[in-house]
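Note sheet for the following structure.
Reminder, nothing fancy here: chain letters follow the sequence lines and each chain counts from 1. Computed from heavy atoms alone, side chains included, the values below leave out hydrogens, waters and symmetry copies.
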Amino acid sequence: NAGVTQTPKFQVLKTGQSMTLQCAQDMNHNSMYWYRQDPGMGLRLIYYSASEGTTDKGEVPNGYNVSRLNKREFSLRLESAAPSQTSVYFCAESREINTGELFFGEGSRLTVL
Amino acid sequence: DAKTTQPTSMDCAEGRAANLPCNHSTISGNEYVYWYRQIHSQGPQYIIHGLKNNETNEMASLIITEDRKSSTLILPHATLRDTAVYYCIVRVFYGQNFVFGPGTRLSVLP
């Protein structure tokens with residue numbers, strides 16, 4: 001997973017606070033994704049970006065915003081954090097949109113009190 | 001997307017082959033079978049994918065039945081480091097987003 005870097009790795013927020021999760025990839029690929037994973041469950045897609053300058057909603061976009069800053073970077077913002085957003089967040093990227101192989105980062109563990 | 005069914009958990013002895021089944025009885029003709037795994041709490045890792053022929057790479061083999069309604073991921077000589085959750089996903093190659101279900105939790109035992 002060396003090609004996808006997420007920061008921060010851990011974060012604790014209070015309800016109503018805002019924060020941004022950062023993701024950067026060094027593989028020069030076009031597409032990037034944000035997933036969340038709740039305990040004992042599979043991953044759910046929040047937002048994705050097929051290419052620089054475009055973003056689209058995934059399965060669970062409510063409460064989040066994203067920015068595809070450039071080809072390398074895709075950030076996820078929580079404007080007003082809620083306890084239901086306590087989760088592990090994974091950034092991923094692929095050569096093109098929805099091609100067969102996704103490369104994931106190590107995850108960012110967020111707790112909202 | 002076609003849905004998949006996997007056992008919740010499996011055990012395998014270290015050094016033995018681990019055979020992980022996946023049922024995808026409603027798979028369409030243009031849908032591929034993908035396998036990913038997630039070790040502990042790391043990000044998922046791509047393992048292998050196939051359409052209808054059996055596939056092998058340095059990590060695993062994928063056996064797809066002739067009617068394509070089920071498949072088996074084979075780890076030929078499981079090690080303790082193969083303990084992970086394994087996800088079977090079906091989708092078209094350039095298609096919808098990946099949908100990760102709960103997967104199979106494989107425990108490799110010493």
Side-chain angles (χ1 to χ4, degrees), chain A residues 1-7 9-10 21 23-25 27 29-51 55-61 86-111, chain B residues 1 3-9 20 22 24 27 30-53 55 57-60 62 64 71 73 81 84-107:
Chain A
N1 296 339
V4 181
T5 303
Q6 293 183 229
T7 56
K9 289 186 169 44
F10 299 93
L21 299 176
C23 176
Q25 53 103 355
M27 300 181 75
H29 286 170
N30 285 316
S31 303
M32 299 184 74
Y33 313 79
W34 276 106
Y35 287 85
R36 61 176 285 176
Q37 184 173 34
D38 299 319
M41 298 182 66
L43 283 77
R44 292 184 292 171
L45 183 65
I46 305 171
Y47 270 95
Y48 64 99
S49 170
S51 60
T55 61
D56 285 285
K57 296 178 180 179
E59 182 185 355
V60 287
T86 293
S87 190
V88 180
Y89 292 84
F90 290 100
C91 177
E93 54 92 359
S94 63
R95 180 171 52 83
E96 298 291 344
I97 184 65
N98 292 327
T99 50
E101 187 172 355
L102 299 178
F103 299 91
F104 284 83
E106 290 295 311
S108 297
R109 285 150 183 79
L110 174 66
T111 301
Chain B
D1 276 356
K3 295 195 182 301
T4 63
T5 304
Q6 298 179 253
T8 302
S9 63
L20 293 95
C22 180
H24 32 80
I27 192 170
N30 62 345
E31 288 184 314
Y32 286 70
V33 180
Y34 292 86
W35 284 85
Y36 279 75
R37 73 179 183 183
Q38 188 173 24
I39 295 174
H40 192 43
S41 297
Q42 298 177 18
Q45 175 189 25
Y46 166 83
I47 301 173
I48 199 167
H49 75 277
L51 182 62
K52 51 185 175 182
N53 296 323
E55 301 287 345
N57 62 21
E58 65 278 3
M59 289 182 67
L62 174 60
I64 302 174
S71 60
L73 179 75
R81 288 174 295 181
V85 177
Y86 287 77
Y87 300 100
C88 171
I89 304 163
V90 295
R91 43 151 271 177
V92 296
F93 191 72
Y94 286 100
Q96 309 92 328
N97 295 308
F98 280 97
V99 177
F100 289 82
T104 296
R105 182 171 297 278
L106 174 70
S107 298

key: Verdict with supporting geometry, A:Y33 and B:F98, side chain to side chain contact (heavy atoms under 4.5 Å, CB included)   = CA-CA 10 Å; A:Y33 313 79; B:F98 280 97; over 6 Å; no
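- Scanning all heavy atoms of the two residues, the minimum distance from A:F90 to B:Q38 falls at CZ-NE2, 3.5 Å.
- Using a 4.5 Å cut-off between heavy atoms, A:Q6 does not touch chain B at all.
- Heavy atoms closer than 4.5 Å to chain B are found in both the backbone and the side chain of A:L43.
- In this structure, OH on B:Y34 lies 9.0 Å from CG on A:L102, to the nearest 0.5 angstrom.
- Side-chain N or O atoms of B:Y87 include none that pairs as donor or acceptor with a backbone N or O of A:G42 at under 3.5 Å.
- Under the rule for a salt bridge (charged side-chain N to carboxylate O under 4.0 Å, His left out), the partners of A:D38 that lie at least two apart in sequence or sit in another chain are A:R36, A:R44.
- In this structure, A:F104 CZ and B:Y46 OH are separated by 13.5 Å, a value rounded to the nearest 0.5 Å.
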